[in-house]
Amino acid sequence: MSGRVGDLSPKQAEALDEFRERIRDVHEKLPSQNDHYLLRWLRARSFSVNKAEAMLRKHVEFRKHMKVDSILEDWIPPEVIERYVSGGMCGYDREGSPVWYDVIGPLDPKGLLMSASKQDFLRTKIRDSEFLRRECLRQSEKLEKTVESITLIYDCEGLGMKHMYKPAVEAYGEILTMFEDNYPEGLKRVLVIKAPKIFPIAYNLIKHFLCEETRRKVIVVGSNWKDVLQKYVAPDQLPVAYGGLLVDPDGDPYCKSKIKYGGVVPKSYYIRGSVKVQYDNFVTISRGSDLQLEYEILIPNCLLRWQFASDGADIGFGIYMKTKAGVKQKVGDMQEVFPTTRYNAHLVPEDGSYTCEEPGIYVIRFDNTYSMLQSKKISFSVDVVLPETHTNSEGQA
């Protein structure tokens with residue numbers, strides 16, 4: 001049985017009923033509540049209700065933390081990402097699913113990471129994923145059938161050593177992990193075209209970020225790639241540059257109004273060295289250790305605000321809330337409220353904020369426990385902003 005609506009075994013149907021009941025308390029927080037959507041989480045965890053529930057609850061927290069519900073309306077990527085990150089949606093496959101193109105060759109990974117934060121790239125991919133999720137919903141209504149996954153065409157022409165820049169591989173791995181964890185069963189197939197000899201090496205660097213089911217959906221196409229693409233995408237939905245008939249209104253065969261083709265990032269966009277930040281504190285965090293800073297929040301909805309940069313390598317950063325006052329707690333005993341992530345703060349300084357909805361002791365943690373060889377020099381500033389200071393008072397004198 002496929003594990004889809006209308007094709008469930010008795011055990012799968014029983015698991016769906018149990019899953020639906022277990023997540024009833026977060027049901028309204030989901031972007032979709034139908035059985036098609038719930039089954040995606042169950043299939044992603046081989047119909048283990050416990051694992052699917054844990055995965056879905058993490059997703060609910062992810063949507064809240066990243067403000068996913070409004071990201072299409074409220075967040076615009078930095079100009080350098082809009083201009084120089086390649087790819088885009090163009091047309092639909094033969095079943096009506098959106099087709100997304102990732103165009104690898106023109107990408108300038110180092111230039112991009114020198115010009116925007118890793119979090120900006122992560123938010124951009126979340127934004128793209130939400131756009132595609134909504135596009136699937138529109139197609140479902142239009143075609144009167146369920147459309148819940150996309151076809152991805154992965155154009156590898158020009159793939160080279162510059163794309164194996166270590167911070168870029170790590171950032172891409174985090175993006176893949178985010179997609180796997182939060183958009184299960186979102187890919188129908190991945191068609192890799194124009195793959196050079198170096199492709200197996202590049203794929204080996206990132207394949208461990210993909211689950212086994214996703215790996216099975218990767219199809220590496222040979223020199224007959226134009227014929228293969230037409231097997232999955234009708235010619236009138238496929239750009240001329242990819243062997244179809246589709247052109248832009250101005251006749252452009254590459255359909256650049258829909259697909260971005262990137263390019264080398266001008267150094268005028270580089271942030272490190274051009275942004276002068278005055279930090280309040282400077283510390284060295286020994287290899288294999290961390291730095292924890294406590295902030296007592298007395299009033300609900302205070303804003304905890306930070307800026308930091310590292311010297312020479314990345315650094316982990318996260319926020320916790322103590323569950324017992326007056327004692328030093330281990331990380332595992334505290335409540336994680338802002339997930340720990342490794343930041344390329346040696347390339348682009350990081351800044352951000354967190355609204356402390358509840359009073360308590362909040363712990364900012366710089367994490368270097370993963371680095372057994374290298375100490376990290378950190379420059380940082382942290383401040384607490386009272387609610388009336390950071391609340392928008394538009395319309396008041």
Side-chain angles (χ1 to χ4, degrees), residues 3 15-72 75 118-119 121-134 136 148-149 170-187 206 208-214 316-323 330-343 352 354-358 362-365 367 369-370:
L16 175 60
D17 289 340
E18 182 182 350
F19 184 49
R20 193 189 298 112
E21 185 62 33
R22 281 202 198 180
I23 54 95
R24 190 173 295 278
D25 60 310
V26 295
H27 202 246
E28 296 303 317
K29 298 179 182 179
L30 302 176
S32 181
Q33 291 89 27
N34 60 41
D35 286 350
H36 293 281
Y37 183 73
L38 297 184
L39 283 168
R40 290 170 61 174
W41 300 88
L42 284 167
R43 290 198 303 272
R45 290 296 178 264
S46 302
F47 278 83
S48 166
V49 176
N50 289 337
K51 291 179 180 179
E53 180 187 1
M55 185 184 188
L56 184 65
R57 289 187 181 281
K58 284 183 180 179
H59 175 66
V60 171
E61 289 302 311
F62 164 84
R63 296 190 74 86
K64 178 183 176 182
H65 171 62
M66 300 301 291
K67 300 179 180 177
V68 175
D69 289 336
S70 61
I71 197 167
L72 282 168
W75 188 76
K118 188 164 62 174
Q119 292 304 295
F121 292 106
L122 189 64
R123 287 190 185 97
T124 299
K125 186 48 65 177
I126 295 169
R127 196 169 184 265
D128 291 342
S129 300
E130 282 297 300
F131 168 77
L132 289 168
R133 184 187 65 78
R134 294 188 192 184
C136 285
E148 57 183 353
S149 56
E170 292 172 348
Y172 191 55
E174 288 187 31
I175 288 170
L176 289 175
T177 300
M178 178 281 298
F179 186 82
E180 292 273 74
D181 289 347
N182 294 285
Y183 298 91
E185 299 285 296
L187 283 175
I206 58 101
H208 63 281
F209 295 108
L210 305 173
C211 69
E212 188 58 40
E213 182 61 28
T214 300
F317 176 87
I319 304 176
Y320 297 80
M321 187 175 181
K322 296 183 74 169
T323 55
K330 296 180 179 179
V331 170
D333 296 329
M334 295 187 288
Q335 178 188 352
E336 187 178 47
V337 296
F338 190 91
T340 297
T341 303
R342 287 168 63 173
Y343 291 85
Y354 176 78
T355 300
C356 304
E357 296 178 352
E358 302 175 22
Y362 289 79
V363 179
I364 281 184
R365 177 177 181 248
D367 177 22
T369 56
Y370 58 87

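Quantities reported herein were computed from a predicted structural model and do not represent experimental measurements. Heavy-atom basis, side chains included; hydrogens, waters and symmetry copies ignored.
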> Looking only at heavy atoms, what is the nearest atom pair of M66 and I71, with distance?
O-CD1, 4.4 Å
> What I want to find out is whether R24 reaches E21 closely enough, with some N-O distance under 4.0 Å, to be called a salt bridge.
yes
> Output yes when R133 and E130 qualify as a salt bridge under the 4.0 Å nitrogen-oxygen rule, no when they do not.
yes
> Starting from the C-alpha separation in whole Å, work towards a yes-or-no answer on side-chain hydrogen bond (donor to acceptor under 3.5 Å, both in side chains) for R45 and N50.
CA-CA 9 Å; R45 290 296 178 264; N50 289 337; over 6 Å; no
> Do the side chains of F317 and T341 get nearer than 4.5 Å, heavy atoms only?
no
> Check step by step if side-chain hydrogen bond (donor to acceptor under 3.5 Å, both in side chains) holds for E180 and T214.
CA-CA 9 Å; E180 292 273 74; T214 300; 2.9 Å; yes
> Below 4.0 angstrom, N of the basic side chain to O of the carboxylate: do R57 and E53 qualify?
yes
> Starting at CG of L42, measure out to CE of M55 and round the result to the nearest 0.5 Å.
10.5 Å
> Does any non-hydrogen side-chain atom of V331 lie less than 4.5 Å from one of T340?
no
> Hey, is the main chain of G318 close enough, under 3.5 Å, to the side chain of R365 for a donor-acceptor pair?
no
> Enter the distance from Y354:OH to Y362:OH here, rounded to the nearest 0.5 Å.
5.5 Å
> Give the minimum heavy-atom separation between E185 and R40, together with the two atoms involved.
CG-O, 3.7 Å
> State the CG-CG distance between D181 and L56, to the nearest 0.5 angstrom.
12.5 Å
> Answer whether the closest heavy-atom distance between the side chains of M334 and M321 falls below 4.5 Å.
no
> Please tell me if the side chains of H65 and F338 come closer than 4.5 Å, counting only heavy atoms from C-beta onward.
yes
> Quick one: CD1 on I126 to CD on Q119, what's the gap to the nearest 0.5 Å?
8.0 Å
> State whether the number of non-hydrogen atoms from other residues, nucleotides or ligands found under 6.0 Å of K322 atom NZ is greater than 12.
yes
> What distance separates H59 NE2 from I23 CD1, expressed to the nearest 0.5 Å?
11.5 Å
> Charged N to carboxylate O under 4.0 angstrom, D128 versus R123?
no
> With a 3.5 Å cut-off and no angle check, do the side chains of T369 and D367 form a donor-acceptor pair?
yes
> Indicate yes or no: at least one non-hydrogen side-chain atom of I175 is less than 4.5 angstrom from one of F209.
no
> Inspect the contact between R43 and E148 and indicate whether a charged nitrogen and a carboxylate oxygen are less than 4.0 angstrom apart.
yes
> Okay, side chain of S129, backbone of K125: is any donor-acceptor separation there less than 3.5 Å?
yes
> Anything under 30° is parallel, anything over 60° is perpendicular, the rest tilted; go ahead and classify F179 against Y183.
parallel
> Do R127 and V68 touch side chain to side chain, with heavy atoms closer than 4.5 Å?
no
> Does R342 qualify as a cation-pi partner of Y370, given the criterion of NZ or CZ under 6.0 Å from the six-membered ring centre and within 45 degrees of its axis?
yes
> Please report the shortest heavy-atom distance between T323 and D333, naming the atom on each side.
OG1-O, 3.1 Å
> What distance separates R63 CZ from S70 OG, expressed to the nearest 0.5 Å?
10.0 Å
